[in-house]
Colleague: 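Take this structure, written in structure tokens, and hold onto it; I'll ask about it next.
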Amino acid sequence: MSAPVLSLYNTLSKSLESFSPLDPAGRKVTFYSCGPTVYDYAHIGNFRSFLNADILRRTLELLGYEVRHVMNITDVGHMTDDGNADGGGEDRMAVAGRRLAEAKKSGKLPADVAIDPNDPYAIAEFYAQAFLEDSKTLGLKVAFDRERDPGLMPRPTRYIREMILLVERLIARNHAYVGRDGVVYFDVRSFPQYGKLSGNTLDNLKEGAGERISAENQANKRNAADFMLWKPDATHIMRWPSPWGEGYPGWHLECSAMAAGLLGEEIDLHSGGEDNIFPHHECEIAQSCGASGHTHFARHWFHTRHLMVEGDKMSKSKGNFYTARDMFAKGVTPAALRLELVRTHYRSNSNFTMQGLADCQRQIDRWSRAYEALKAAAAGKSPDRAAAAGPFESALPTFIDSLCDDLNLARAMAAMNEALGRDGSAACPVREATALERMNGVLGVFERNAVMAGDDDGLEGKVKALLERRTAARASKNWAESDKVRDELAALGVAIKDGPQGTTWSRVVK
RNA sequence: GGCCGGAUACCCAAGUGGCCUAAGGGAACGGAUUGCAAAUCCGUGAUUCGCGGGUUCAAAUCCCGCUCCGGCCUCCA
């Protein structure tokens, strides 16, 4: 029997391809993911993209690959207004500083957070730490890898030297030039492949661009689509010396420089949100291939479609804009959030709903109960090789095949549920538990199925007192009093369960 | 206008030419259980796959046209 092969959609070829790594031994995989910009907390849409990359990485590991996964944390402030494509407007890091200063003043941010709102590095560091926390909570493996090897989540501000070298190389190879305004631009006409990833070929761009490119700016460039590599600007909030004057790098440059430095000039996989396809990834390809002379930068491009919230586009004005920590504060378990964000196929828009979150929670609880029962039955036992394969072990090949079909997680989950419904009493519990663990190795839900600690409102004490009252009432069969207490608990947003071991409670997520 | 992804029951979602009078989960409903609930367990659910044509012995699946939703076309995961 041959090993399962991962069939994965490649944005570059717009078709499903059988994945095979560059590694001649077919074992090691190089994977670069575009990570967050850290001038705010990451929202659930950001995490859908990062979590899908994590599912891909975990699937590759399930198939036996050894994945070197890099995810950047962009700490170079990009511009708020890029209308002229060349660094106009205000630096986002400066905007974030003002917002932080206001949050501190209004008490939204704990007073003990010592952070200078005028120091862009401090702002970036603050949000980068928040991101790493959220990432570990949601089970992004790369965030754990980083604890052993910090380089796996690199910061562009520490790669300025490499970026400058890259620009010099592009100039030397006639792919870049210094414009009349002193800005270094990539010459898109020097790179015929430009537009292959996004479909935005130079001809298509010409038809669509129109009013968005100012004539004034055009005078400085050879072609409308030429993009900035280095901008001299001695007044900018974050700036570094360079052969073209003190200034800052173009915003596509960092990924090309860091991917090459950490993974090589040609890599296996590159991921991001669908909005990254153009211009970001298109420009990365031009820069990387222009500098290296290779035909490919990443051989395989993986893009996750956007997340909707309750049927609407997520936006701050609609009030449906959530960060991961907003959800944890509501009492949502990291496991449920993780599953809700990845269970819809990555190439479809996903609609995030509170109902969906509740569905996921029930689903995870059911799997967890089965797993706990198997672990209890397996305790102290060794695998029974003679026993017939049980439901979960039998479902494992289907689970793997489903993931190999362009990460068909829904079908993989159905295989688990079918196994759950079958009688496994004759199976070896050790082997069954192991099979479930392998499935969870991709899903990553069992180990994070608990609400985040936090009792700021003193709810625990109140609930405890009410439960004691109710238990006493029930002991004397005073049902009216018992039900009254239950209503009071419900008003506090607490649901209770009477079990053989007494009454348990949980916060109702709404 | 150019390029791309999608449309399956109340909701999420599988299915890629015959095994489909369409998987799995949730909700709902009925039953068991419970002081009553909740949770749990058992059962019920689309003769139909956005719309209109076509190909075929056979279509949710292939082809053509249309409608709608979403994304990108130099802020964005």
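Throughout, a chain's letter reflects where its sequence line sits, starting with A, and its residues are numbered from 1. No hydrogens, no waters, no symmetry mates; every other heavy atom, side chains included, goes into these values.
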Colleague: Rounded to the nearest 0.5 Å, how far does CZ of A:Phe126 lie from CD1 of A:Ile123?
Modeller: 10.0 Å
Colleague: Start with the C-alpha gap between A:Phe321 and A:His43, add the side-chain angles, then the distance that decides, and say whether ring-ring contact (aromatic ring centres under 6.0 Å, His included) holds.
Modeller: CA-CA 7 Å; A:Phe321 185 95; A:His43 58 68; 5.1 Å; yes
Colleague: OP1 or OP2 of B:U40 versus the side-chain N and O atoms of A:Arg369: is any pair under 4.0 Å?
Modeller: yes
Colleague: Which value, in whole Å, describes the distance between the C1' atoms of nucleotides B:C63 and B:G26?
Modeller: 37 Å
Colleague: Output the single nucleotide from B:G70, B:G71, B:G2 whose closest atom is nearest the side chain of A:Lys313.
Modeller: B:G71
Colleague: Expressed in angstrom and rounded to an integer, what is the separation of A:Trp301 atom CH2 from B:G5 atom P?
Modeller: 18 Å
Colleague: Under 30°, 30 to 60°, or over 60°: which ring-plane class applies to A:His270 and A:His281, parallel, tilted or perpendicular?
Modeller: perpendicular
Colleague: Name the orientation class of the two ring planes belonging to A:Phe227 and A:Tyr194 (parallel below 30°, tilted from 30 to 60°, perpendicular beyond 60°).
Modeller: parallel
Colleague: Closest nucleotide of RNA chain B for A:Arg362 versus for A:Phe47: which of these residues is on the 5' side?
Modeller: A:Arg362
Colleague: Given B:G15, B:G71, B:A37, which nucleotide is nearest the side-chain atoms of A:Asp405?
Modeller: B:G15
Colleague: Taking the side chain of A:Lys497 as its heavy atoms from C-beta onward, which of B:A39, B:C12, B:C72 lies nearest to it?
Modeller: B:A39
Colleague: Paired with B:A38: which nucleotide, if any, by Watson-Crick or G-U wobble criteria at under 3.5 Å for both distances?
Modeller: none
Colleague: Strictly below 4.0 Å: does A:Arg343 bring a side-chain N or O up to OP1 or OP2 of B:G24?
Modeller: no
Colleague: Choosing from B:A14, B:G5, B:C73, which nucleotide comes nearest the side chain of A:His345?
Modeller: B:A14
Colleague: Taking the nucleotide of RNA chain B with the nearest heavy atom to each, does A:Arg48 or A:Ala495 sit closer to the 5' end?
Modeller: A:Ala495
Colleague: Taking the six-membered ring of A:Tyr177 (Phe, Tyr or Trp), confirm whether the NZ or CZ of A:Arg222 is under 6.0 Å from its centre and within 45° of its axis.
Modeller: yes
Colleague: Taking only Lys NZ, Arg NE, NH1 and NH2, and the carboxylate oxygens of Asp or Glu, determine whether A:Glu17 and A:Arg299 approach each other closer than 4.0 Å.
Modeller: no
Colleague: Name the closest nucleotide to the A:Asp498 side chain, picking from B:G5, B:A37, B:A13.
Modeller: B:A37
Colleague: In whole Å, measure the gap between the P atoms of B:U8 and B:U34 for me.
Modeller: 42 Å
Colleague: Picking from A:Asp405, A:Asp401, A:Asp406, what satisfies salt bridge (Lys or Arg N to Asp or Glu O under 4.0 Å) with A:Arg411?
Modeller: A:Asp405
Colleague: I need the A:Leu489 CG to A:Leu466 CG distance, nearest 0.5 Å.
Modeller: 5.0 Å
Colleague: Between B:A22 and B:A13, how far apart are the C1' atoms? Round to whole Å, please.
Modeller: 12 Å
Colleague: With a 4.0 Å limit, can you tell me whether A:Arg366 has a side-chain N or O closer than that to the phosphate oxygens OP1/OP2 of B:G26?
Modeller: yes
Colleague: Which one, B:C41, B:C4, B:C36, comes nearest to the side chain of A:Tyr9?
Modeller: B:C4
Colleague: Which class fits the ring pair A:Trp251 and A:His280: parallel under 30°, tilted 30 to 60°, perpendicular over 60°?
Modeller: parallel
Colleague: At under 4.0 Å between heavy atoms, what does A:Gly45 touch on the DNA or RNA strands: base, sugar-phosphate, or nothing?
Modeller: base
Colleague: Are A:Asn46 and B:A77 close enough that a side-chain N or O sits under 4.0 Å from OP1 or OP2?
Modeller: yes
Colleague: Who does B:G1 pair with, Watson-Crick or G-U, both distances under 3.5 Å?
Modeller: B:C73
Colleague: Roughly how far apart, to the nearest Å, are B:C36 and B:G31 at atom P?
Modeller: 14 Å
Colleague: Below the 4.0 Å mark, does B:G70 have OP1 or OP2 next to a side-chain nitrogen or oxygen of A:Arg347?
Modeller: no
Colleague: Check the distance between B:G71's C1' and A:Met308's CE and give it to me in whole angstrom.
Modeller: 10 Å
Colleague: Given atom OH of A:Tyr346 and atom P of B:C12, what is their separation to the nearest angstrom?
Modeller: 21 Å
Colleague: The side chain of A:Asn408 lies closest to which of these nucleotides: B:G24, B:G15, B:C73?
Modeller: B:G15
Colleague: How is A:Asn200 classified with respect to the nucleic acid when contacts are heavy atoms under 4.0 Å: base, sugar-phosphate, or nothing?
Modeller: base
Colleague: Ignoring backbone atoms, test whether A:Ser198 places a side-chain nitrogen or oxygen under 4.0 Å from the OP1 or OP2 oxygen of B:C4.
Modeller: no
Colleague: Roughly how many Å is it from CE in A:Met354 to P in B:C12, rounded to a whole number?
Modeller: 16 Å
Colleague: Taking atom P in both B:C10 and B:C76, what distance in whole Å separates the two?
Modeller: 39 Å
Colleague: For A:Ile496 and B:U34, what is the distance between atoms CD1 and P respectively, to the nearest whole Å?
Modeller: 17 Å
Colleague: Give one of base, sugar-phosphate or nothing for A:Ile277, where a contact means two heavy atoms less than 4.0 Å apart.
Modeller: nothing
Colleague: Could you tell me the Watson-Crick or G-U partner of B:U56, where both distances fall under 3.5 Å? Say none if there is no partner.
Modeller: none
Colleague: In whole angstrom, give me the gap between the P atoms of B:G52 and B:G43.
Modeller: 37 Å
Colleague: What is the nucleic acid contact for A:Arg474, judged by heavy atoms within less than 4.0 Å: base, sugar-phosphate only, or nothing?
Modeller: base
Colleague: Pick the C1' atom in B:A39 and in B:C75, then give their distance to the nearest Å.
Modeller: 47 Å
Colleague: Only pairs with both distances under 3.5 Å count, Watson-Crick or wobble alike; so what is the partner of B:C19 in this structure?
Modeller: none
Colleague: Would you mind reading off the distance between A:Leu16 atom CG and B:C4 atom C1', rounded to a whole angstrom?
Modeller: 15 Å
Colleague: Describe the nucleic acid contact of A:His280 in one word from base, sugar-phosphate, nothing, applying a heavy-atom distance below 4.0 Å.
Modeller: nothing
Colleague: Just compare B:C36, B:A38, B:C75 and give me whichever is closest to any side-chain atom of A:Asp483.
Modeller: B:C36
Colleague: Over 60° means perpendicular and under 30° means parallel, so classify the ring planes of A:Trp301 and A:His303, tilted if in between.
Modeller: parallel
Colleague: Write down the distance separating the P atoms in B:G71 and B:A32, rounded off to the nearest Å.
Modeller: 49 Å
Colleague: Rounding to an integer number of Å, can you tell me how far A:His252 NE2 sits from B:C73 P?
Modeller: 11 Å
Colleague: By nearest atom, which of the nucleotides B:G26, B:G35, B:G5 is closest to the A:Ser482 side chain?
Modeller: B:G35
Colleague: What's A:Arg305 touching, base or sugar-phosphate or nothing? Going by heavy atoms closer than 4.0 Å.
Modeller: base
Colleague: Given B:A14, B:G26, B:G24, identify the nucleotide with an atom nearest to the side chain of A:Arg411.
Modeller: B:A14
Colleague: Between the side-chain atoms of A:Arg486 and the base atoms of B:A37, is any donor-acceptor pair under 3.5 Å?
Modeller: yes
Colleague: Could you tell me the Watson-Crick or G-U partner of B:A7, where both distances fall under 3.5 Å? Say none if there is no partner.
Modeller: B:U67
Colleague: Which part of the nucleic acid, if any, lies within reach of A:Met416 when heavy atoms closer than 4.0 Å are counted: base, sugar-phosphate only, or nothing?
Modeller: nothing
Colleague: Between atom CG in A:Asp365 and atom P in B:A38, what is the gap in whole Å?
Modeller: 17 Å
